[in-house]
Structure formats: C-alpha cells, structure tokens
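Note sheet for the following structure.
Proteins come first, then strands; the chains are lettered A, B, ... in the order of their sequence lines, and each starts at number 1. As a basis for the values below, the full set of heavy atoms in this structure was taken, side chains included, without hydrogen atoms, waters or symmetry mates.
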Amino acid sequence: MFDFSLMLEKFMEFRLQIAEAVGETFLMVGISVLAAVLVGLPLGTLLYLTAKGQLRENATWSLILNGFVNIVRSFPFLLLVVFMIPLTRLLVGTAIGTVAASVPLGVVSIAIYARQVEQSLLEVPRGVVEAAQSMGASRLEIVYKFLFVEARSGLVLGLTTSTISFISYSTVMGVVGGGGVGDFAIRYGYQRFETELMAAVIVLMIVLVQLIQFAGSMISRWLDKR
Amino acid sequence: MISLHEVSKSYSSNDGIFQAIDSVSLTVREGSIHGIIGPSGAGKSTLLRMMNVLELPDQGSVIVGGQDLTRLPEHRLREARRSIGMVFQQFHLLHNRTVSGNVSVPLELAGMNKEQREERVKECLQFVGLLDKARQYPARLSGGQKQRVAIARALAHRPAVILCDEPTSSLDSVTTAEILDVLRHINETLGVTIVIVTHEMEVVKEICHEVSVVEQGRLTDGFALEVRAQREGSRAKPSYREQLLGGVGMPDV
C-alpha cells in the first residue's frame, strides 16, 4: 500500500521541519502536563473531598467544580479554542502561536486530569481514611500522607492516559498557529498530497504514544505495592 | 478512663429514622480489657467509634482521660486521638508503605524526628514479634501478621487506650489466639486500657475482664468476668451473661 522507502526518504527530507514540529508538540503537551499536575491534581482532590459523604462535603463547591469539569470536557475542542481567544490574549498577550495554543490545551488538561484524580482517589478503601482520622491526621495530612500514597499508581496511570489525550488534542492547534506534529502532518502531508510523508508522521506519533504508555505503565507498576 | 454518658445516635434514611445507639452510659475502667459484645447490627462498632469521636454522638458526652471529646475544637480532638490507638477488622494498613513505614505514620503525624521514629518503630515491631518483616510490604504478610502490624501502629504513639473493632473476626482460631495474646501482653506489661468489640464469645472469654452487652442499640447487661462459674444452662436460649458466666449472678459493673 505504502512505499516504505519513499516514506523514509520523505521523512529525511523534512527532518528539520519534523524536528521543529515535535518540539512544538513537546512544548504544548509539556505545558499541559504541568497544568494538569499543578492545577488538575488539587482540583480533582477537591472534587473528591467535596462530594457527598466525603471529608469536606460541600454541595455548592461540588456543583461548581463538577460544572467546570463537565462544561470544559463537553465543549467540542476547536470551539473551546476559539471561545477562549479573549482569555488567551489576556494571559499571554497573543492568541496566535505555540504558547498561546497551550492556554486552551492547559484548561482542557486540567479538567481531564481532575476527573482521573477523582476516580483514583475513590478507589482508596474508606477504611484508610478512617484509620487516618483515628490517628489524629488533619485533612491535609489525610490527603498527602494517606490518599495520595495509596492512590499513587492510579494517579500516574491517569496522568499517562491524560497525556496521550493531550497529544491528540494538540494535533488540531494548527488553527491558531500552534504548530506541532499533527499540524505538520496535515499541512505538509495531507494538503500537499504527500501521503507518504503523512504516513511517516503518523508512524512517528504512534511510536511516541507507545513510549509514553510504556513508561507510564512501568512507573505505575513500580509504585504499586498493593 | 473512658466514660460515655447518655450517648445517642440516630441515622435518617429513606426508611425513616434508625436509632443506632439509644441513651447508653458505659464506663471502661483504667487498665482493664473491656469487651463489648452483641449481635451484628446492634451498634457495637458505633459505640466504639464514639470513644474517639469518629462517630459524633447526637447527644451525651464522651469523657476520655478527663476531657469531653465531643466539646473539643478540632485540633485538640486530633491531639486527643493520638493517645487513643485503634485496630480494625480489615487492618486498614497503607499497602504502599512498608511494615515499618506503617508503624511510623502516627509518629510522623506527631512530628517526631527521624531518629526517634526509627527507634520507636523498632521497639513496637519487636513487641509484636515482626522485626524481621520491617522492610516488607503488607501484601506479602498473612492476616495475622497484618493485624500485628496494625497493633504495632496503634501502639507507636504510646496510647493510654487501644480501641479494637472486631480485631480477630477475619482471622482463623489459631491466629485469633496469637492476636489476643499480643493484646493481653500489651495490657499486662504496658498497662494500656483495651476495649474490644466482638461478636465472638470466645474472644471475650479469653481475655476480657469486664464485658458490656449491646443489643438493638441499648446496653442490656454489664458484668465482670474475673471469676467464672460453670453451669449448664437450663433455658433454651441463654443470655450472653449466662453463656459467659454459666448463669451465676455476678456483681454488675
């Protein structure tokens, strides 16, 4: 179907552009992962804590946080990118380019990972929380000395799954000049009828995703002593 | 040591209000091993969990070591809980920390430095006979060993009381005897007051000095077990008192 030598040839011909595109993807996904860990992790923890019957049960906050997560996740992603342009301008001064593209990507990342975090925490047996309370642990201590410790392999696995979604989302960031591997494949491969080049880039992305999943699974298994 | 005064607790559900504990008063003597026995769903565990206010009573007071735990502000309650160890039926260990890591947790919460922690963890593991398992993860241990780790953890912060919620109910009889030996040893050598909730008559017979019977959320009987008389019961369904005492009247406690 495909001429593999032609794929390789095209790949080598465009290696500089591809390297640049990979760099852009790494920047966008890197910022997203950072946002997911720094904001999504605490947000997911709050989702867990404010739910009914939990340590910080709070119907109002639970509604607000769930509302945010659900709304962001239900937006068709391209529309979210457009919808967020004013906020992006406010935050980074421009709505065009790789860094600007990272703003809507980061927001989606936070929502996606927050949900994963909530699910991981829900898998920790209730008795662990009870034991923590009986030892006189504060809520903060319960979270980081008990819940995060017991949920850590799930948290890593969730971040792995999320990261792969971020890569997928980042492929459409060409619309705001975000660049990246996906954008490259569309502009150079698809739109210029260089099917082999497009296929070569897709293979590159498959390899990338495999590597991330492999690393994530390894770390998660290593952390899991249950 | 521990007194509950007229404590009550009810839960509302779709089927109406369920009275889990109905005006119970109970005193646990300092240095004793006190059993709380009764059928499933009688409210034994709820009663035990009131003793460190994991379950806040709707009414009544919980006096432990001279202070009413129900009236303490949160940070003082947390402090008070540190001198009340707790052991559970399902152990509730941290599976992602080693045996010594688990025993170390209460000491970390108390802000003890690393050197002192290591020393104390060693002492506690030695006490329950698990020093050789210090670096293992709980997943590799048997049920009885896990429960001994949980006991070492409860012991770590030198508690005055250890509350045990069905500590042997998921263990076989040989392991049960081992765990009861450890608890008795703690009581005898360290003078720690122990409260045990159980539905197993043998557990009470084996180590309790005093026993309270809880049925349908009420305290229906309470007596000492120091002298046991044996007599075959004549009634079809003997009471807990009769099963344990053989029907001979004993002074109430």
Is there a side-chain contact (heavy atoms from CB on, under 4.5 Å) between N96(B) and L223(A)? Walk through the geometry before answering. CA-CA 8 Å; N96(B) 282 334; L223(A) 286 174; over 6 Å; no

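- Considering only heavy-atom pairs separated by less than 4.5 Å from chain B, the leading option among E141(A), R226(A), K225(A) is K225(A).
- If you run side-chain contact (heavy atoms from CB on, under 4.5 Å) between M135(A) and each of R78(B), M86(B), R82(B), R153(B), only R153(B) comes through.
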Assess the residue pair R49(B) and E130(A) against the criterion (salt bridge (Lys or Arg N to Asp or Glu O under 4.0 Å)); give the C-alpha distance rounded to whole Å, side-chain angles, the decisive distance to 0.1 Å, and a yes or no. CA-CA 10 Å; R49(B) 291 151 50 85; E130(A) 198 163 83; 2.3 Å; yes

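- Ranked by heavy-atom pairs under 4.5 Å with chain A, the list V105(B), N52(B), I84(B) is led by V105(B).
- Nearest heavy atom pair, residue V128(A) against residue L93(B), reads CG2-O, 4.3 Å.
- Of the inter-residue distances, the one linking E74(B) atom CD with S138(A) atom OG reads 8.0 Å to the nearest 0.5 angstrom.
- Contacts of L163(B) with chain A are absent, with no heavy-atom separation under 4.5 Å from either backbone or side chain.
- The environment of F127(B) atom CZ is dense: over 12 non-hydrogen atoms of other residues, nucleotides or ligands sit within 6.0 angstrom.
- In this structure, F146(A) CZ and R97(B) CZ are separated by 8.5 Å, a value rounded to the nearest 0.5 Å.
- Two residues are said to be in side-chain contact when any heavy atoms from C-beta on lie closer than 4.5 Å; S134(A) and L54(B) meet this criterion.
- The 12-atom threshold is exceeded at CD of Q116(B), counting heavy atoms of other residues, nucleotides or ligands nearer than 6.0 Å.
- E119(B) CD: 12 or fewer foreign heavy atoms inside a 6.0 Å radius.
- Among R126(A), K145(A), R152(A), the residue with the largest count of heavy-atom pairs under 4.5 Å with chain B is R152(A).
- Counting heavy-atom pairs under 4.5 Å between each of H157(B), H75(B), H95(B) and chain A puts H95(B) at the top.
- Counting heavy-atom neighbours within 6.0 Å of R139(A) CZ, excluding the residue itself, gives a total above 12.
- For L79(A), the CG atom sits in a packed shell: over 12 heavy atoms of surrounding residues, nucleotides or ligands are nearer than 6.0 Å.
- Surrounding CD of Q59(B) are at most 12 heavy atoms belonging to other residues, nucleotides or ligands under 6.0 Å away.
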